[in-house]
2 protein chains.
Amino acid sequence: MPRPATPPPSVSARLLSVLEAFGPGSPRLTLSEISRRTGLPLTTAHRLVGELAAWGGLERDGEGRYQIGLRLWEIGALAPRGLGLRETAMPFLEDLYEATHENVQLAVLDGNDSVFLERLSGREAVHVFTRVGGRLPAYATGVGLVMLAYASHEVQEAAISLPLKRFTEKTIPNGAALRRVLADVRRQGFAISDGQIELIAVSVAAPVRGPDDSVVAAISVVVPSENGDAYAHLPAVRAAARGISRALGAPSARRPPGSVRRETFSAPG
Amino acid sequence: MPRPATPPPSVSARLLSVLEAFGPGSPRLTLSEISRRTGLPLTTAHRLVGELAAWGGLERDGEGRYQIGLRLWEIGALAPRGLGLRETAMPFLEDLYEATHENVQLAVLDGNDSVFLERLSGREAVHVFTRVGGRLPAYATGVGLVMLAYASHEVQEAAISLPLKRFTEKTIPNGAALRRVLADVRRQGFAISDGQIELIAVSVAAPVRGPDDSVVAAISVVVPSENGDAYAHLPAVRAAARGISRALGAPSARRPPGSVRRETFSAPG
DNA sequence: CAGAGATCTTCCGCCCAGCGGAAGCCCTGG
DNA sequence: CCAGGGCTTCCGCTGGGCGGAAGATCTCTG
């Protein structure tokens, strides 16, 4: 008897795959939808979903469909690279928003994607594609380019070697071009992403550094391509990024000697 | 041989208990700490933590400790009663903050607790105890009283029958007093919580209603006990709560006939 | 109104995946 | 140097997870 080629996934993996069935496009699912999306037999899905629901990780809505529960939201809120970062950055983001009244974004790097932690957008700001909790390929966003530029060699090479999806005619077309752009970003200390996701939007992004001075996040301001001057916002973006870095305890963002010493980063709460 | 009284927890339950080991006071844990907190043998904890980490639910920091990973943050961001509600409410909360420049809070009810989804606080606003992602007993907070007052009979009775922890001399002392307060809240349509958690803070809270007109959340403004007039903010709080309810599609918050029809609630993204 | 076709739930016996003790590795500190 | 704490790997036993089958509901359709 030939054994099956792939070993069956562990119980834990199956449980986690149930969570993965949910996504931005499908925040509510029926049991059979979960079964189909995960590939798990209906009975198995039923049992796992039951356990998750009993724990509070999933909830049922009025129509009997399942949705991510408060319990999981609370756990997620404990992620230092999620809400933790956001809490520290928020005052600076609000100041930046007040100064520019354009879209203001905070993102971290995960694999080859930028994951957006926060977005402040005014009523009259240009409408952008991003969503809190959403992800976009790093090479195509201003924040992503900044984070890639300062990432480890391996991460950069991985991003460069991957096929690049073309969102618009201005999207960086290939690895060689990306390599040049990253070098530019490193030299300048900031990134400009002009119409790479949507032609109507340009973003200016700057790096946010952590306690060990590595780049842990990035922030950006997004302005309309027409009648918007991205460069005009550069000083404000850099100042805000530096402020957040200092609040996180980045050595390079320390105030000069003689000025008041700031407290270092501590977990919220 | 007598069997052990309690059946051993399922694999899923063990996996989830690992997540529960993390909390506001302990966002980073070593493997042995996780083992101790969950009561799981070190080896078992090791395996479960390994699977979670491989999936991205946990991450290791520089010192080898574990923390909640971005993956879980993303999943949590899909919770309709978490980020979903927050996204809808945010513009109204910002308006409310602009109007008052005091602490503005958004919370939902979970069991007997109010869970805080968002808090906007200015530099000069009174310092409060709450934290995004944190929870406090419902009976002791303004938002909690509002949500309890409109909750199902069972939920109310459960809250009333529970022993009430005394935070300050002004904390509601017992079930009978709580019952009276809830009746008052229902009659008035809002709640005032005066110094029940900390003597220095007073909050005015109003209910937020969902598509079926049930109360799904509450918002409040917190002002200092000294030289702060909570009642002065009541109209603004009620207006904001009504605005959020309308955005969620609550029938009772509909604009009167003849005015423009609003779009109903849809999931963010 | 019967019947087909969904989806959800309960039941139960087989078997292998998960369990966890033991032992070894790598630190740090005395 | 050894002691102690934390982490990782190994491996054989066993009981909990698996999922097919059947039944319960509900909806649509002819």
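Chain letters run A, B, ... following the sequence lines, proteins first and then strands; every chain starts at 1.
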Would you tabulate the side-chain donor-acceptor contacts of residues 148-156 of chain A under 3.5 Å, counting partners in other chains and residues two or more places apart, or write 'none'?
unit_1	atom_1	unit_2	atom_2	d
S152(A)	OG	V155(A)	N	3.4
Q156(A)	OE1	R186(A)	NH1	3.3
Q156(A)	NE2	L148(A)	O	3.2
Q156(A)	NE2	A149(A)	O	3.2
Q156(A)	NE2	A151(A)	O	3.0

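- T38(B) contributes atom OG1, which lies 8.5 Å from atom CG of L48(B) (distance to the nearest 0.5 angstrom).
- Every residue was checked against the side-chain hydrogen bond (donor to acceptor under 3.5 Å, both in side chains) condition with S32(A), not counting sequence neighbours, and none meets it.
- Distance, L40(A) CG to dC18(D) P: 9 Å, rounded to whole Å.
- R119(B) places a side-chain N or O within 3.5 Å of a backbone atom of T130(B) that can act as its donor or acceptor partner.
- Without hydrogens or angle criteria, S161(B) side chain to E157(B) main chain gives a donor-acceptor distance under 3.5 Å.
- Residue S10(A) places no side-chain N or O under 4.0 Å from the OP1 or OP2 atom of dA17(C).
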Please enumerate all protein N or O atoms sitting under 3.5 Å from an N or O of nucleotides 10-13 of chain D, with distances to 0.1 Å.
none

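- Distance L42(A) CG to dA24(D) C1': 14 Å, rounded to the nearest Å.
- Test E87(B), Q105(B), R86(B) against E118(B) for side chain to side chain contact (heavy atoms under 4.5 Å, CB included) and you get one pass: R86(B).
- Per the geometry, CZ belonging to R14(A) stands 13 Å off C1' belonging to dG16(D), to the nearest Å.
- Every pair passing salt bridge (charged side-chain N to carboxylate O under 4.0 Å, His left out) that includes a residue from residues 48-63 of chain B is listed here, sequence neighbours excluded: R81(A)-E59(B), R28(B)-D61(B), D61(B)-R65(B), E63(B)-R65(B).
- Atom CG of L93(B) is separated from atom CG of L117(B) by 9.5 Å, given to the nearest 0.5 angstrom.
- Residue S17(B) holds its OG atom at 12.0 Å from CZ of R37(B), rounded to the nearest 0.5 Å.
- A donor-acceptor contact shorter than 3.5 Å links the side chain of T88(B) to the backbone of G84(B).
- Atom CG of L15(B) is separated from atom P of dG16(D) by 18 Å (rounded to the nearest Å).
- Looking at the side chain of V11(A), the nearest of the listed nucleotides dG18(C), dT8(D), dC19(C) is dG18(C).
- The only member of L72(B), L16(B), I75(B) that meets side chain to side chain contact (heavy atoms under 4.5 Å, CB included) when paired with I75(A) is L72(B).
- For S32(A), counting side-chain heavy atoms from C-beta on, the closest listed nucleotide (dC18(D), dG6(D), dC8(C)) is dC8(C).
- Axis angle, first five pairs versus last five pairs of the helix from dC1(C)-dG30(D) to dG30(C)-dC1(D): 40°, rounded to 10°.
- Nearer the 5' end of DNA chain C, as judged by each residue's closest nucleotide, is the contact made by Y66(A), out of Y66(A) and S12(A).
- Set against dG17(D), dC7(D), dG19(D), the side chain of L31(B) has dC7(D) as its closest nucleotide.
- Residues from residues 46-61 of chain B placing a heavy atom under 4.0 Å of any atom in DNA chain D, listed by number, are H46(B), R60(B).
- Counting to the nearest Å, the C1' atom of dT28(C) and the CD atom of E63(B) are 15 Å from each other.
- Residue E33(A) contributes atom CD, which lies 11 Å from atom C1' of dT7(C) at whole-angstrom precision.
- Side-chain proximity of R36(B) to the nucleotides dG20(C), dC18(D), dG6(D) is greatest for dG6(D).
- Ion pairing between E74(B) and R135(A) holds under the 4.0 Å rule for side-chain N and carboxylate O.
- Relative to the side chain of P41(B), the nucleotides dG6(D), dG20(C), dC8(C) differ in distance, and dG20(C) lies closest.
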